Novice: 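My structure is below; once you've seen it, I'll send some questions.
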Amino acid sequence: MGELPKARIATASLAGCFGCHMALLDIDERLIELLKHVEFDRSPLTDIKRFTRRCDIGIIEGGCCNEENVHVLQDFRRNCDVLIGIGQCAIMGGLPAMRNAIMHSDAPLRECLEEAYINGRYIRNMTHNIPNDPALPLLLDEVYACSEVVEMDFQIPGCAPTGDVIFETLSGLLAGKFRGFERQRIRFD
Ligand code: SF4
């Protein structure tokens with residue numbers, strides 16, 4: 001990688017499994033080279049909870065399944081020049097969006113929660129209660145892709161994308177030479 005401008009990067013995991021953040025670490029030893037050119041701000045990688053200043057790049061894993069996800073995503077849009085969705089959950093809802101297919105009742109969200117906490121084949125819930133603490137973020141009616149909530153600038157497809165693709169995307173963006181992805185390099189395993 002040649003001379004790159006220093007950039008500030010923030011990351012967040014919304015309704016995802018953290019697999020895409022693990023894929024970020026799959027950059028392996030190139031992370032050392034990358035860190036010469038970037039600093040991480042708000043991110044689970046730094047444990048910084050709020051933006052300390054405006055960032056050049058925001059990386060979002062996961063879609064929006066609750067109100068907190070929406071607030072975090074809107075905060076990233078406000079505070080990042082370029083916003084990137086990483087992985088299928090961010091791009092189209094991914095696995096969490098399977099609940100969007102529950103449509104054969106008048107209350108699909110309730111049906112989904114009852115299946116998860118009461119009626120599911122392997123559920124052992126002695127109280128028969130569905131968690132409902134006020135501290136829990138309110139669930140949305142469906143799981144939404146990030147691009148349905150705010151404008152996204154780029155998307156890195158895959159589940160999870162490879163460390164190579166993530167590294168090349170970030171390097172290309174930082175160098176102003178990002179050209180998109182070759183289809184055969186996108187991974188879903
Ligand atoms: Fe996890 Fe795959 Fe979703 Fe990434 S895209 S958060 S790896 S399920």
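Predicted model only: the values in this text are computed from it and were never measured. For ligands, and for the atoms within them, numbers begin at 1 and follow the listed sequence.
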Novice: Hey, could you give me each pair passing salt bridge (Lys or Arg N to Asp or Glu O under 4.0 Å) that has a residue in residues 79-93? Not counting sequence neighbours.
Specialist: Arg54-Asp81

Novice: Do the charged groups of Glu33 and Lys36 touch, with an N to O distance under 4.0 Å?
Specialist: yes

Novice: Does the distance from a Lys or Arg side-chain N to an Asp or Glu carboxylate O, for Arg77 and Asp75, drop under 4.0 Å?
Specialist: no

Novice: Could you list the cluster mates of Ile60? Members are the ILVMFWY residues connected by side-chain heavy atoms closer than 4.5 Å, either directly or through other members.
Specialist: Leu14, Phe51, Val70, Val72, Leu73, Phe76, Leu83, Leu140, Tyr144, Val149, Val150, Met152

Novice: Measure distances from atom 2 (Fe) of ligand 1 and count the protein N, O or S atoms below 2.8 Å.
Specialist: 1

Novice: Distance under 4.0 Å to a non-hydrogen atom of Glu61: what atoms of ligand 1 satisfy this?
Specialist: 6 (S)

Novice: Dump the intermediate steps for side chain to side chain contact (heavy atoms under 4.5 Å, CB included) on Glu115 and Ile123, then the final yes or no.
Specialist: CA-CA 9 Å; Glu115 179 70 15; Ile123 302 300; over 6 Å; no

Novice: What residue pairs, at least two apart or across chains, pass salt bridge (Lys or Arg N to Asp or Glu O under 4.0 Å) with a residue in residues 55-70?
Specialist: none

